[in-house]
Amino acid sequence: MAAKTKFRGSFTALVTPFKNGSVDETAFRGLVSWQITEGTHGLVPVGTTGESPTLSHDEHKRVVEWCIDEAKGRVPVIAGAGSNSTREAVELAEHAEKAGADAVLVVTPYYNKPTQEGMYQHFKAINDAIGIPIIIYNIPGRSVIDMSVETMTRLFELKNIAGVKDATASMVRVSQQRAAMGEDFNQLSGEDATILGYMAHGGHGCISVTSNVAPRLCSEFHAAWQKGDHAAALKLHDKLMPLHNNLFIESNPAPVKYALSLLGKIDEKLRLPMVPVSESTRVAVRSAMVHAGLIN
């Protein structure tokens with residue numbers, strides 16, 4: 001029987017706080033606790049937003065463990081377990097399962113530029129190694145490759161492939177994937193700015209960057225949508241739209257770390273090659289936060 005997931009609503013793609021060059025456990029746990037209190041429906045540690053490329057494997061694993069421990073089963077945890085090395089991805093996925101993650105998020109292998117068959121074999125190897133659901137992370141803008149609907153459909157036949165985090169920003173893709181795989185294929189947006197259209201096309205939720213900063217508003221958006229109150233959802237979307245845009249003026253997660261520092265949640269520390277945002281981006285992010293009612 002295939003592992004199915006019914007993840008719905010707002011899942012936060014968590015940042016990883018740093019202090020004195022190390023991962024800041026206290027700030028991270030505080031962030032997790034605050035997210036849950038604010039109504040976030042699920043948590044996604046050590047994805048791209050969590051600066052996973054610059055974390056050591058040991059740090060990566062510790063962050064997953066802290067997230068699961070702090071969440072205490074209150075919300076599902078989808079642990080980042082991606083790598084452009086299949087062997088590494090398998091190791092990270094096996095650790096996430098052992099640590100108690102509800103599922104893993106696995107990005108298409110970046111830089112290597114595998115073929116569709118290469119992507120299929122990559123995900124099949126991870127599927128065969130673990131016993132928890134796998135969410136495919138399809139983000140052509142960062143990994144260069146784009147997994148086709150046909151390859152995804154083929155993967156969905158495997159026991160642990162459960163859904164997708166779709167960062168293509170294509171509304172057509174949501175409908176194509178629904179037509180190919182049906183309602184059981186768990187479709188989560190990875191693109192905050194298009195979430196209203198994504199849900200209208202049949203999506204189930206969002207793995208969100210914006211919800212790092214505005215967890216309650218993002219949660220309320222999905223609650224309104226699920227109740228069928230589309231007018232309320234549109235109003236919330238309009239309130240959040242400047243944030244959805246301005247948090248991506250410079251490379252994620254630099255803008256969102258600045259925003260969280262304004263809320264007093266974390267220090268604005270990044271690891272090279274990521275650097276703090278420019279003054280013009282600071283102005284834009286502050287303006288969006290004021291528009292959303294997060295600061296005065």
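- In this structure, M199 and G205 approach most closely via the heavy-atom pair SD-N, 3.6 Å.
- No side-chain heavy atom of D267 sits under 4.5 Å from any side-chain heavy atom of P17.
- In terms of modelled atom types and a separation under 3.5 Å, the side chain of N112 and the main chain of P114 share no donor-acceptor contact.
- With sequence neighbours left out, the ring pair (Phe, Tyr, Trp, His ring centres under 6.0 Å) criterion links H41 to no other residue.
- The shortest heavy-atom contact between P140 and A167 is CD-O, 4.4 Å.
- Defined by atom type and a distance below 3.5 Å, a donor-acceptor pair is present between the side-chain atoms of S280 and S278.
- Here CD of E157 is found 8.5 Å from CZ of R154. Values are rounded to the nearest 0.5 Å.
- Put simply, the side chain of R142 reaches to within 4.5 Å of the side chain of N252, judged on heavy atoms.
- A donor-acceptor contact closer than 3.5 angstrom is absent between the side chains of E51 and T16.
- Among residues at least two apart or in separate chains, there is no ring-ring contact (aromatic ring centres under 6.0 Å, His included) pair with a member in residues 53-93.
- No side-chain heavy atom of I134 sits less than 4.5 Å from a side-chain heavy atom of L155.
- Within the structure, every pair that satisfies the side chain to side chain donor-acceptor pair (under 3.5 Å) test and touches residues 187-209, not counting sequence neighbours, is listed here: S175-H201, Q177-Q187, E183-H204, N186-H204, E191-T194, D192-S208, D192-T210, S208-S211.
- Residues T54 and P273 have side chains in contact (heavy-atom distance under 4.5 Å, counting atoms from C-beta outward).
- For A99, the side-chain contact (heavy atoms from CB on, under 4.5 Å) test picks out V64, E65, I68, H95, with sequence neighbours left out.
- Annotation: side chain to side chain donor-acceptor pair (under 3.5 Å) contacts involving residues 221-230, sequence neighbours excluded, are absent.
- With values rounded to the nearest 0.5 angstrom, E150 atom CD is found 6.5 Å from T153 atom OG1.
- A donor-acceptor contact shorter than 3.5 Å links the side chain of N212 to the backbone of V209.
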Exercise for review: Check the pair E220 / K239 against salt bridge (Lys or Arg N to Asp or Glu O under 4.0 Å), numbers first and verdict last.
Suggested key: CA-CA 12 Å; E220 287 173 351; K239 195 172 186 179; over 6 Å; no
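- Taking NE2 of H237 as the start and CG of L196 as the end, the distance is 5.0 Å to the nearest 0.5 Å.
- The NZ atom of K235 sits 13.0 Å away from the CG atom of L240 when rounded to the nearest 0.5 Å.
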Exercise for review: May I have the step-by-step check of side-chain contact (heavy atoms from CB on, under 4.5 Å) for F28 and L14, ending in yes or no?
Suggested key: CA-CA 9 Å; F28 180 78; L14 292 163; 4.0 Å; yes
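- No single ILVMFWY cluster, assembled from side-chain heavy atoms under 4.5 Å apart, contains both V275 and F248.
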Practice item. Run the numbers on V23 and V63 for side-chain contact (heavy atoms from CB on, under 4.5 Å), then give the verdict. Key: CA-CA 8 Å; V23 177; V63 171; 3.8 Å; yes
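- The neighbour count for R286 CZ, taken as heavy atoms of other residues, nucleotides or ligands under 6.0 Å away, does not exceed 12.
- If you chain together hydrophobic residues whose side chains sit under 4.5 Å apart, L158 and V164 fall into the same group.
- To the nearest 0.5 Å, atom OH of residue Y111 and atom CD1 of residue I145 are 13.5 Å apart.
- Grouping the Ile, Leu, Val, Met, Phe, Trp and Tyr side chains by contacts below 4.5 angstrom, directly or via other members, places L262 with L247.
- When the options V44, L43, D166, T49 are evaluated for a side chain to side chain contact (heavy atoms under 4.5 Å, CB included) with I207, the one that passes is V44.
- Within the 3.5 Å criterion, the main-chain N or O of V77 finds a donor-acceptor partner in the side chain of D102.
- At least one side-chain heavy atom of Y258 sits under 4.5 Å from a side-chain heavy atom of S261.
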Exercise for review: Just do the side-chain contact (heavy atoms from CB on, under 4.5 Å) check on V15 and I266 with the steps written out, would you?
Suggested key: CA-CA 9 Å; V15 301; I266 66 168; 4.1 Å; yes
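- The two residues L188 and C206 come nearest to each other via the heavy atoms CD2-N, 4.2 Å.
- The salt bridge (charged side-chain N to carboxylate O under 4.0 Å, His left out) test applied to E250 returns no partner, not counting sequence neighbours.
- Across all non-hydrogen atoms, the minimal contact from V277 to P255 is CG1-N, 3.5 Å.
- In terms of modelled atom types and a separation under 3.5 Å, the side chain of T5 and the main chain of F7 share no donor-acceptor contact.
- Residue V106 forms a side chain to side chain contact (heavy atoms under 4.5 Å, CB included) with just one option from I126, I135, V90, and that option is I126.
- At a threshold of 4.5 Å between non-hydrogen side-chain atoms, the residues Y110 and S83 count as touching.
- Smallest separation of non-hydrogen atoms from P109 and M119: CD-CG, 4.2 Å.
- With sequence neighbours excluded, the residues satisfying salt bridge (charged side-chain N to carboxylate O under 4.0 Å, His left out) with K61 are E91.
- Considering only residues two or more places apart in sequence or on other chains, S56 meets the side-chain contact (heavy atoms from CB on, under 4.5 Å) condition with D58, E59.
- Side-chain contact between L55 and F18 is present, with at least one heavy-atom pair separated by less than 4.5 Å.
- For P215, the side-chain contact (heavy atoms from CB on, under 4.5 Å) partners two or more places apart in sequence, or in a different chain, are W34, Q35, E38, T40.
- Side-chain contact between R173 and M152 is absent, with no heavy atoms from C-beta onward closer than 4.5 Å.
- By the salt bridge (charged side-chain N to carboxylate O under 4.0 Å, His left out) test, E268 is found to be paired with R282, residues two or more places apart in sequence or in another chain being considered.
- The closest donor-acceptor contact from the side chain of K269 to the backbone of G21 lies at 3.5 Å or more, if one exists at all.
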Practice item. Decide side-chain contact (heavy atoms from CB on, under 4.5 Å) for L217 and L294; before the verdict, give the C-alpha distance in whole Å, the side-chain angles of both, and the deciding distance to 0.1 Å. Key: CA-CA 10 Å; L217 290 174; L294 301 176; 4.2 Å; yes
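- Residue pairs meeting the side chain to side chain donor-acceptor pair (under 3.5 Å) criterion with at least one member in residues 120-138, sequence neighbours excluded: T86-H122, E117-Q121, K124-D128, Y137-K165, N138-D146.
- Evaluation of the side-chain contact (heavy atoms from CB on, under 4.5 Å) rule for K98 yields no partner, not counting sequence neighbours.
- Residues M147 and I78 do not share a hydrophobic cluster, clusters being chains of Ile/Leu/Val/Met/Phe/Trp/Tyr side chains in contact below 4.5 Å.
- One distance of note links CD1 of I139 with OG1 of T48; it measures 5.5 Å at 0.5 Å rounding.
- Of the candidates N160, I130, L92, I130 is the only one forming a side chain to side chain contact (heavy atoms under 4.5 Å, CB included) with E97.
- S287 places no side-chain N or O within donor-acceptor distance of the main-chain N or O of V283, the cut-off being under 3.5 Å.
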